[in-house]
Amino acid sequence: MSKSEPLVSSNFIRTIISEDLDSGKRDRVVTRFPPEPNGYLHIGHAKSFGLNFSLAEDFNGCCHLRFDDTNPIKEDDEYVEAIKADVRWLGFDWGEHLHFASDYFDQLYLWAVQLIKAGKAYVDSQSADQMRENRGTLTQAGVDSPYRERSVAENLELFEQMKNGDFPDGSHILRAKIDMSSPNMNLRDPAMYRIMHTNHHRTGDKWCIYPMYDFAHGQGDSIEGVTYSICTLEFEDHRPLYDWFIKELDIFAPQQVEFARLNLSYTVMSKRKLLQLVKDNHVSGWDDPRMPTLVGMRRRGYPPEAIRTFCERIGVGKGASWIELSVLEECVREQLNKTAFRRQAVLNPLKVTITNYPTDKVEQLDAPNHPQQPELGTRKLPFSSELYIDRDDFMEEPPKKFFRLGPGREVRLRNAYIIKCEEVIKDGNGEVVELKCSADLDTLGKNPVGRKVKGIIHWVSAGQAKKVEVRLYDRLFNQENPDKATNYLDALNPESITMTTALVEPELLHAAPGTTIQFERVGYFTVDSKDSQLQHPVFNRTVTLRDAWAKLK
RNA sequence: UGGGGCGUCGCCAAGCGGUAAGGCACUGGAUUUUGAUUCCAGCAUUCGCAGGUUCGAUCCCUGCCGCCCCAGCCA
């Protein structure tokens, strides 16, 4: 594999694979993404499956999608379908390789019997509490279970009875016989099978015993011929157990490789916490645009290409890392800047009357859909004597660096004329309610001679503008790491959503759900796919534009 | 404190014994009918600390220090 110009930076996993391929230790690359179907995928999962799928792509191998459905009480088909949709949305394809750990339940059972016969597994009849007590602590060896030396025949019979449903949940458990004094807790006779009289989303009531992760994962990898089983750091301690089962069973040996999971500033990634945000109505659902879930980001308007770029850009390592939100946002802007049509929208209107423009005239100006891509065409922009501009673009007593509108100042109306503020009208409370301006009607599509006008502001024509609902989203949490708060819920940003109405160009009323538009000088906005109705679009702010002025202030 | 990992710029991250890539952020400056975009420039004499090996060490060795993970019949 020689890449003339590496698009992505190298990482330790690529190095391992390249070396294995060169030395002949491996002759192909098979990876897998193994989610448990118990919730929605988030951006952290995207890092994981992005890694697995692109590794397979780059090394001409393949990547399987396998559902690790070994714990029926938490799993559901709803999640299976949602996960498949999310992986596809990001543009990855598992081809024929859609698998389920539950496909292997028969084989796993046979292997468990094999280990019992070899004296490597036994049925323990201690309670969960007793087992915990006898496991010892981090610095103290555990003690053997009183049932550890049961005969093979007795273990075989008990295990069979477990399978047949003769025992209630929790009464017995199958454990691997390894070493109760191992410094690695995972090797202190780990559980292999537990009794659960629960209906499984795929196998129904065929089974009432289910394998644990440790007795299913590596074997699933082995059955599928996975060469690299890439997982997160917390499984490092499980690797000796992973290898132990493979060795004792004498089956094809995949290699487990661990990398650091993603942490994104100003958000949380744990499924438990995301679930709580949903359940306690801190957000509107898994697909709330503030959620770090893929469904949430999709609804927010983040393009899949941006998320893929993000996953490549952040790299892969073994150190617990925190990625700044700005990295993600920049990926989103980068993608949207290339594709989003430009439109004008006023979020906080201030009336402007053009005193020297006929009151009954409506002019249809031509404005480009994209200033850098003329091939994307133009649209008609209505102009009249009554306009709205954004309040932020006017200051009665502007500071030196402010080059927008102020009394006696000139400014360019984007895509239209240069105007000059002649009069400021206030209401009884002293609040500015209207600006009377004159327009230089000789400045359409050209600059005036003899003077330079630096400021450019956006606007809409009052008579033609349409009112739409706009939701301004901001980070969900106030703290970079919400877990540093006593309770992460205390770090919730009370201003993570602001509802408002905006005045927009008329034709935006018909924008299709899911399309993203740049409101010039404001940000990117996506038509909400859930709450928008015909003639009543709801716009989600996907991300703001970079704002040098905001920094100057 | 037993075991397993990790420490390279504010945040990520290459580098694998020959004298510190890149991205984000930040700072200048140019172009611009988005204070956007684009462009150009700047941004670690130094790789947690202290020793050692070597002609030469971020890369090897030793010892400290700091951080993360593990005691589910969850994954």
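Proteins come first, then strands; the chains are lettered A, B, ... in the order of their sequence lines, and each starts at number 1.
When the options Asp221(A), Asp103(A), Ile223(A) are evaluated for a side-chain contact (heavy atoms from CB on, under 4.5 Å) with Arg66(A), the one that passes is Asp221(A).
Regarding contacts with the backbone of C74(B), a side-chain N or O of Arg194(A) is found under 4.0 angstrom from either OP1 or OP2. Side-chain nitrogen and oxygen atoms of Lys318(A) include none within less than 4.0 Å of the OP1 or OP2 phosphate oxygen of G4(B). Taking 4.0 angstrom as the limit, Thr137(A) places none of its side-chain polar atoms (N or O) nearer than this to OP1 or OP2 of G2(B). Residue Arg188(A) places no side-chain N or O under 4.0 Å from the OP1 or OP2 atom of G72(B). A sub-4.0 Å separation between OP1 or OP2 of G72(B) and a side-chain N or O of Arg135(A) is present. Residue Thr70(A) places at least one side-chain N or O closer than 4.0 Å to OP1 or OP2 of A75(B).
In the set C73(B), A13(B), C74(B), the nucleotide with an atom closest to the side chain of Ile173(A) is C73(B). With distances taken from any side-chain atom of Met212(A) to the nucleotides C73(B), A36(B), C6(B), the minimum falls on C73(B). Checking C11(B), A13(B), U34(B) against the side-chain heavy atoms of Glu324(A) singles out C11(B) as nearest. Comparing G35(B), G2(B), A75(B) against the side chain of Glu36(A) picks out A75(B) as the nearest. The side chain of Ala191(A) lies closest to C73(B), out of A14(B), G4(B), C73(B). When distances run from any side-chain atom of Glu330(A) to the nucleotides C12(B), C24(B), U34(B), the shortest one goes to C24(B). In the set G35(B), G15(B), G4(B), the nucleotide with an atom closest to the side chain of Arg521(A) is G35(B). Residue Arg132(A) has its side chain nearest to G72(B) when only C73(B), G72(B), G3(B) are considered. With distances taken from any side-chain atom of Trp322(A) to the nucleotides C74(B), C12(B), G2(B), the minimum falls on C12(B). Across G23(B), G35(B), C70(B), the shortest atom-to-atom separation from the side chain of Arg313(A) is found for G23(B).
Summarising the base pairing, U1(B) is matched to no nucleotide, lacking a Watson-Crick or G-U wobble pair whose two defining distances lie under 3.5 Å. Of the nucleotides present, none pairs with U31(B) by Watson-Crick or G-U wobble criteria with both distances under 3.5 Å. A 3.5 Å limit on both hydrogen-bonding distances identifies C55(B) as the Watson-Crick or G-U partner of G18(B). Of all nucleotides present, only U62(B) satisfies the Watson-Crick or G-U wobble test against A50(B), with each distance under 3.5 Å. For A44(B), there is no paired base (Watson-Crick or G-U wobble, both distances below 3.5 Å). Base-pair partner of A36(B): not found among the strands shown (Watson-Crick or G-U wobble, both distances under 3.5 Å).
Rounded to whole Å, the C1' atom of C60(B) lies 31 Å from the corresponding atom of G23(B). A distance of about 30 Å separates the C1' atoms of C26(B) and C59(B), rounded to the whole Å. Going from the C1' atom of C61(B) to that of U54(B) covers 12 Å, rounded to whole Å. Between U32(B) and C16(B), the two C1' atoms lie 46 Å apart (nearest whole Å). Taking atom C1' in both G3(B) and C43(B), the straight-line distance is 42 Å, to the nearest Å. The gap from the P atom of G72(B) to that of A14(B) amounts to 34 Å, rounded to the nearest Å. One P atom belongs to G7(B), the other to A13(B), and the distance between them is 9 Å to the nearest Å. U19(B) and G28(B) are spaced 30 Å apart, taking the C1' atom of each and rounding to whole Å.
Following rounding to the nearest Å, Tyr266(A) (OH) and A25(B) (C1') show an atom-to-atom distance of 12 Å. Rounded to whole angstrom, the span from the CG atom of Asp393(A) across to the P atom of U34(B) amounts to 14 Å. Whole-Å rounding puts the Ile314(A) CD1 to C11(B) C1' distance at 12 Å. Remark: C1' of A36(B) and CG of Leu545(A) are 5 Å apart, rounded to the nearest angstrom. Rounding to whole angstrom units, CD of residue Gln373(A) and C1' of A36(B) are separated by 14 Å. Separating the CG atom of Leu552(A) from the C1' atom of G28(B) is a distance of 13 Å, rounded to the nearest angstrom. What separates CD1 of Ile83(A) from C1' of A75(B) is a distance of 12 Å, to the nearest Å. Straight-line distance from the CD atom of Glu312(A) to the C1' atom of G22(B): 14 Å, rounded to whole Å.
Using modelled atom types, one finds no donor on one side chain facing an acceptor on the other under 3.5 Å when comparing Asn186(A) with Arg239(A). Donor-acceptor pairing under 3.5 Å is lacking for the side chains of Tyr109(A) and Glu160(A).
As judged by a 4.0 angstrom heavy-atom cut-off over every strand, Gly170(A) is placed among the base-contacting residues. Nucleic acid contact for Ser182(A): none, since no nucleic acid atom lies under 4.0 Å from a heavy atom of the residue. Among the protein residues, Gln518(A) comes within range of the nucleic acid bases, having at least one heavy atom under 4.0 Å from a base atom. Residue-level contact check: His217(A) touches neither bases nor backbone, having no heavy atom under 4.0 Å from any strand. At a threshold of 4.0 angstrom between heavy atoms, the contacts of Ala548(A) are confined to the sugar-phosphate backbone, with no base atom among them.
Interatomic distance, Leu350(A) CG to Trp459(A) CH2, rounded to the nearest 0.5 Å: 15.5 Å. Of the inter-residue distances, the one linking Phe341(A) atom CZ with Leu508(A) atom CG reads 11.5 Å to the nearest 0.5 angstrom. Considering NZ of Lys273(A) and CG of Asp483(A), their distance stands at 3.5 Å, rounded to 0.5 Å.
Below the 3.5 angstrom threshold, one finds a donor paired with an acceptor across the side chain of Arg404(A) and the base of G35(B). With hydrogens and angles left out, the side chain of Asn184(A) and the base of G4(B) share no donor-acceptor pair within 3.5 Å. Side-chain atoms of His458(A) stay outside donor-acceptor range of the base of A36(B), with no qualifying N/O pair under 3.5 Å. Side-chain atoms of Gln372(A) and base atoms of U38(B) include no donor and acceptor less than 3.5 Å apart.
Less than 6.0 angstrom separates the ring centroid of Phe519(A) from the ring centroid of Phe539(A).
Relative orientation of the Tyr40(A) and Trp286(A) rings is tilted, given thresholds of 30° and 60° on the angle between their planes.
Look at G72(B): its glycosidic torsion is within 90° of 0, and that puts it in the syn range.
The residue among Leu444(A) and Gly315(A) whose nearest nucleotide of RNA chain B is located toward the 5' end is Gly315(A). RNA chain B is contacted by both Phe12(A) and Trp549(A); Phe12(A) maps to the nucleotide lying nearer its 5′ end (nearest heavy atom per residue).
Between Ile83(A) and Pro37(A), the shortest heavy-atom distance links the atoms CD1-CA, 3.9 Å. Contact detail for Gly445(A) and Arg412(A): the closest heavy-atom pair is N-NH1, 4.3 Å.
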